[in-house]
Amino acid sequence: MFGFFREENALVCDGVPLDAVAREHGTPLYVYSAESIRRAYRELDEAFGAYPHRIHYALKANSSFAIARLLHRSGSGADANSIGEVEVAMRAGFAASDIVFSGVGKSPDEIERAVQLGLKAINAESAGELERIDRAAQAHGVRARVAVRVNPDIDAGTHPHISTGLHTNKFGVPLEHAGELYRRMSTQPGLEPVGIHVHLGSQIISTEPIHRAAVVVVRFARELRDQGIHLDHIDVGGGLGISYDGSRVPTAAEYAAAVLAIVKPSGLAVAMEPGRYIVGAAGVLLARVVDLKPAAAGHQFAVLDAGMTELMRPALYGSFHRIEPVTPRQARELCYDIVGPVCETTDALGHDRRLPALEVGDLLAIRDAGAYGSAMSSNYNRRPLPAEVLVDAGNATLVRRRQTIDDMLALELGGS
Ligand SMILES: Cc1ncc(COP(=O)(O)O)c(C=O)c1O
């Protein structure tokens, strides 16, 4: 068994009791299962079989260094959404030729660095950005490999805040304008078109929009080929969802089948940028109850020592995470609103949760917090970033220590 499961009533990570990990390292604490990450990566990789493909793990989901390194050692490439993520990827061992660089507003410095490094592809977001990449590449006497991020105006059926493939979203270039950009590249000596990029959004729970996007993009690649523009790959982005509430979501095999059915006849390699699928279920956030008090309608407030500063998703998108006592008491169930300590009404992790009666000091696990958890944490209310533990082969290792007030103030004039 691997991942998070119960042994004699107590929640464990890859067999290591979470109670003990929390006692040793304190809370709030992220705990990750290395084996879950490796298996999710392998499952997706195997689903594409022998067809030419490359997984570029989307660091935005979780760029903690230990996780970046683990994925590099597992054989993954990387997808970076800022030059900061590119630098982390390089320090974690990824070669420049294995990094794709996405992102809607690349600064001049980011473009300059990306061009110098010679990344596998810069996924360009606009005509203006292509021009800026061209100029930077010419200044260095190189050709930058680029893919245009096309916006196919397809509704991925996700939460509106994480949809990116509609014309009303800020991302990419409308498909009908993209042909002109590829043709123009023949007059831009700093650019080498190598692919087409599309990313519809995150937490996609049906293969149907993915299939539709593949159809559109492959048709476009064929049109380009007919015009003498030959590409290496189609980058289908990320977005494959996970089940936060136990409902059915597409498997890696179903996802691969949907993509390959369309891309295979083109002969183009597949690049993909999954984040959540690889790390989402592989992490929990551990937090302790610091206060209990009655709420309206017979509910109780359980106030935790973690909230939106550690896990912003519920406050940001109203997302659902299962919340479980690490060692449930034998007690009658009560209905809880589980909230954080931050001075914001939206700082809640779950509403209307029926749990065996809690006591102050109890340890709770917020499940499926591996993606967009730690990566989105903040110092709001001067709360230190949480510590992180990676469990691998029965060993629980502190991979990020808890931030201190000194760490925070070190950046500020007169602070240290
Ligand atoms: C360009 C790009 N690629 C990949 C991803 C990863 O998405 P996910 O974690 O849903 O797989 C994102 C996130 O939305 C993204 O913006």
Side-chain angles (χ1 to χ4, degrees), residues 37 40-41 43-45 47 54-64 67-68 71 76-83 85-86 89 99-106 110 114 119-126 129 146-152 154 156-166 169-173 195-207 209-210 213 217 233-244 249-252 255-256 258-259 270-283 312-313 316-317 319 368-376:
I37 296 173
Y41 172 78
E43 200 172 12
L44 193 56
D45 192 35
R54 190 82 183 111
I55 296 176
H56 294 272
Y57 166 63
L59 285 159
K60 69 186 283 195
N62 189 325
S63 61
S64 291
I67 289 182
L71 279 155
S76 184
D79 166 46
N81 260 267
S82 70
I83 213 70
E85 286 185 356
V86 171
I99 300 173
V100 295
F101 181 23
S102 312
V104 79
K106 300 178 192 74
E110 289 186 309
L119 302 181
K120 168 173 168 169
I122 303 176
N123 292 332
E125 291 270 346
S126 70
E129 189 170 280
V146 292
V148 174
R149 176 169 181 175
V150 295
N151 183 324
I154 289 175
T158 63
H159 188 284
H161 293 179
I162 48 175
S163 151
T164 61
L166 289 169
N169 302 139
K170 66 182 173 182
F171 300 95
V173 175
I196 305 172
H197 180 226
V198 66
H199 171 72
L200 295 181
S202 199
Q203 186 54 11
I204 301 173
I205 52 169
S206 156
T207 54
I210 291 163
V217 170
H233 68 261
I234 287 184
D235 183 339
V236 293
L240 181 56
I242 62 169
S243 181
Y244 285 95
V249 293
T251 62
Y255 173 74
V259 171
V270 174
M272 67 202 104
E273 305 166 353
R276 189 189 310 271
Y277 178 81
I278 292 181
V279 293
M312 207 208 282
R313 298 187 66 254
L316 194 60
Y317 324 119
S319 2
D368 305 312
Y372 306 104
S374 154
M376 284 189 179

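Residues take their numbers from the sequence shown, with the count starting at 1. These numbers come from a predicted model, not from an experiment. When a ligand or atom number is given, it counts from 1 through the structure's own listing order.
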Does Gly237 come within less than 4.0 Å of ligand 1, judged by its heavy atoms? no

Near Gly275 (heavy-atom distance under 4.0 Å), the atoms of ligand 1 are 8 (P), 9 (O), 11 (O)

If the cut-off is 4.0 Å to any non-hydrogen atom of Gly239, which atoms of ligand 1 fall inside it? 7 (O), 8 (P), 10 (O), 11 (O)

Provide the number and element of each atom of ligand 1 under 4.0 Å from a heavy atom of Ser102. 1 (C)

Count the heavy atoms belonging to other residues, nucleotides or ligands that lie under 6.0 Å from CD1 of Ile205, then report whether that count exceeds 12. no

Geometric N/O contact His199 with ligand 1, under 3.5 angstrom: yes

Only one of Asp235, Val198, Val146 clears side-chain contact (heavy atoms from CB on, under 4.5 Å) with Asn123; which? Asp235

Counting N and O atoms only, with roles assigned by atom type, does the side chain of Ser64 sit under 3.5 Å from a partner on the main chain of Ile67, one being a donor and the other an acceptor? no

Between His233 and Lys120, is there a side-chain donor-acceptor contact under 3.5 Å, judged purely by atom types and distance? no

Near Pro274, which atoms of ligand 1 are under 4.0 Å from a heavy atom of that residue? 11 (O)

Looking at Thr207 and Ile210, would you say the former's side chain and the latter's main chain have a donor-acceptor pair under 3.5 Å? no

Would you mind listing which atoms of ligand 1 come within a distance below 4.0 Å of any non-hydrogen atom of Tyr372? 6 (C), 7 (O), 8 (P), 9 (O), 13 (C)

Could you pull out, from Glu125, Gln203, Glu273, Lys60, the option with a heavy atom nearest to atom 13 (C) of ligand 1? Lys60

Check each atom of ligand 1 against the heavy atoms of Ala58 and keep those under 4.0 Å away; list them by number with element. 4 (C), 5 (C), 6 (C)

Near Ser202, which atoms of ligand 1 are under 4.0 Å from a heavy atom of that residue? 7 (O), 8 (P), 9 (O), 10 (O), 14 (O)

Would you say Asp79 has any N or O atom under 3.5 Å from an N or O of ligand 1, going by distance alone? yes

Taking all atoms of both residues into account, what is the closest heavy-atom pair of Ile37 and Ala282, and its distance? CG1-CB, 3.4 Å

